[in-house]
Protein chains: 2
Amino acid sequence: MGKALIIDDEPQMRRLLRMVLESRGYEVCEADEGLRGLQEAAFHRPDVVLLDLGLPGMGGIETLARLREWSDVPVLVLSVRDQETVKVQALETGADDYVTKPFGSAELLARLEVIQRRRGPRHTPEITAGALKLDLLRHEADLDGEPLRLTPTEFSILSILTEHAGRIVTQNQIVKHVWPVQQSDPAEGLRVHISHLRRKLGDRGVRVVNEPGIGYRLEIRQASAP
Amino acid sequence: MGKALIIDDEPQMRRLLRMVLESRGYEVCEADEGLRGLQEAAFHRPDVVLLDLGLPGMGGIETLARLREWSDVPVLVLSVRDQETVKVQALETGADDYVTKPFGSAELLARLEVIQRRRGPRHTPEITAGALKLDLLRHEADLDGEPLRLTPTEFSILSILTEHAGRIVTQNQIVKHVWPVQQSDPAEGLRVHISHLRRKLGDRGVRVVNEPGIGYRLEIRQASAP
DNA sequence: CCCTGGCGTTAAGAATGTGTGAAGAACGAG
DNA sequence: CTCGTTCTTCACACATTCTTAACGCCAGGG
């Protein structure tokens, strides 16, 4: 079915949700706090997130906002609050649905499927640009049919560049995508990885171009016409 | 904003929905019955559909199913019924959301935007003036379809000019926009950037005009009669 | 007429951003 | 523990962009 991430501080609510989700075939991971939720999301790359609004520490809305900085995973917000202003705020911050507790398990599962069904073109497990092919699930990259040996960081950078192939991607976007949480001076190290990436890409139809002061762009050279 | 199609048999509910939608800038069309709703959808190609489940004749669920045979348009289902089985059925048939009457207008509008933002190519904030197109997120500028190579400062200046295209922008406004913090004699350097900008823009439909003693104005020439 | 203030252009140094190599730290596997 | 891989940090060369300054142009007023 896919991976689901539960972010909720109440243990019994997590247990209930886990039961419902696993009965439907989901693989489930949990977090009891916002920041940990972000880390789990970055590490496990879930297919869908269930987020409780009443979180201690970093609140649910802020967690959602920080998640949305680098991820567009479908998020279903759970809450005991039925106030319209809260709902609107959550939906505008990037939530895909808002369900009020208590809820029916069948409706919850149905809504989970809806928000996954509507995912953008990015849900494709692989993306292509010119002679470059990336398998996002397996973390494998092919150029001209030959496999590329990339480190996880390099793959992450190349994936966001490829997703927006031909267009500029801001340094900020790249950094947020690769290092979702914390960082001292990330652009510093980014240059090194870009350098390594260029060496591995060589000169075979695609190359990483710098747009000074802004970011990078993956340029694809058409080798021939079909 | 976009076109919305209302399919509901109660005239006063249609009137209420129309008011809410038009206040948000939607263009609205209506149908009082399922089959007519399908015809309207085929003809007007709405960006979003509001479907009442309690329809006479062909029911709401059946209307939804027939619509889904050929259309992918986002559908928000409205209903007085709060039964879980009905909700699940609607969602599994292809609805993107299910709202129970009575509903809050702000929540309805928020949910409408959610089910629309998940489609199609990523929407990035961009502004346009004549043949000029600026992508504010990526810092990309297109003129006549050809990309412009602008430095960050040039892009910043051009963006505030384009935002107020055709109207005068004070030197002060430009300076505050480009250099948000202090400056000795900013207008001094501004002239240099304006000069560079003009050279890059060339003579292709837009140009930067000086209003002596006041500021600058982006003039767009309609490429009508060559 | 000449002077003055605002503007446009060009050129050069200063400031900032970027590419690359290498060394050490962190991490996981055996 | 040791090894190999990957990540981070640093140093320095190089590139781009920004700022400053100088000079010519034009219009309006004395």
I'd like to know if B:Arg138 and B:Glu126 make a salt bridge, using a cut-off of under 4.0 Å between side-chain N and carboxylate O.
no

Is it true that B:Arg68 and B:Asp96 make a salt bridge, defined as a side-chain N closer than 4.0 Å to a carboxylate O?
yes

Between A:Asp52 and A:Arg14, is the closest basic N to carboxylate O distance under 4.0 Å?
no

Between NE2 of B:His193 and P of C:dT10 the distance, given in whole Å, is 15 Å

Starting from P on C:dG6, measure out to CG on B:Asn210 and report it in whole angstrom.
12 Å

Strictly below 4.0 Å: does A:Arg191 bring a side-chain N or O up to OP1 or OP2 of C:dT20?
no

Can you tell me the distance, in whole Å, between the NZ atom of A:Lys200 and the P atom of D:dT5?
11 Å

Would you say a side-chain N or O of B:His196 is under 4.0 Å from OP1 or OP2 of D:dC18?
no

Give one of base, sugar-phosphate or nothing for A:Gly189, where a contact means two heavy atoms less than 4.0 Å apart.
base

Nucleotide of D:dT16, C:dT9, D:dC10 approaching B:Arg149 most closely (side-chain heavy atoms):
D:dT16

Any A:Thr151 side-chain nitrogen or oxygen under 4.0 Å from OP1 or OP2 of D:dC7:
yes

Between B:Glu107 and B:Arg111 (salt bridge meaning N to carboxylate O under 4.0 Å), is one present in this structure?
yes

Measure CD/A:Glu188 against P/C:dG24 and give the value in whole Å, please.
18 Å

From CG of A:Leu150 across to P of D:dT6 the rounded distance in Å is 10 Å

Nearest whole Å is fine: how far is C:dT18 C1' from A:Arg217 CZ?
16 Å

Taking the side chain as every heavy atom from C-beta outward, state whether B:Leu108 and B:Leu50 have any atom pair closer than 4.5 Å.
yes

Between B:Gln171 and C:dG6, does any side-chain N or O lie under 4.0 Å from OP1 or OP2?
no

Looking only at side-chain N and O atoms, does B:Tyr216 come under 4.0 Å of OP1 or OP2 in C:dG6?
no

Between CZ of A:Phe155 and C1' of D:dC7 the distance, given in whole Å, is 18 Å

note: B:Ile194, atom CD1; C:dT9, atom P; distance rounded to Å ~ 10 Å

Think A:Ser195 has a side-chain N or O under 4.0 angstrom from the OP1 or OP2 of C:dG19?
no

For B:Trp179 and D:dT19, is the shortest distance between a side-chain N/O and OP1 or OP2 below 4.0 Å?
yes

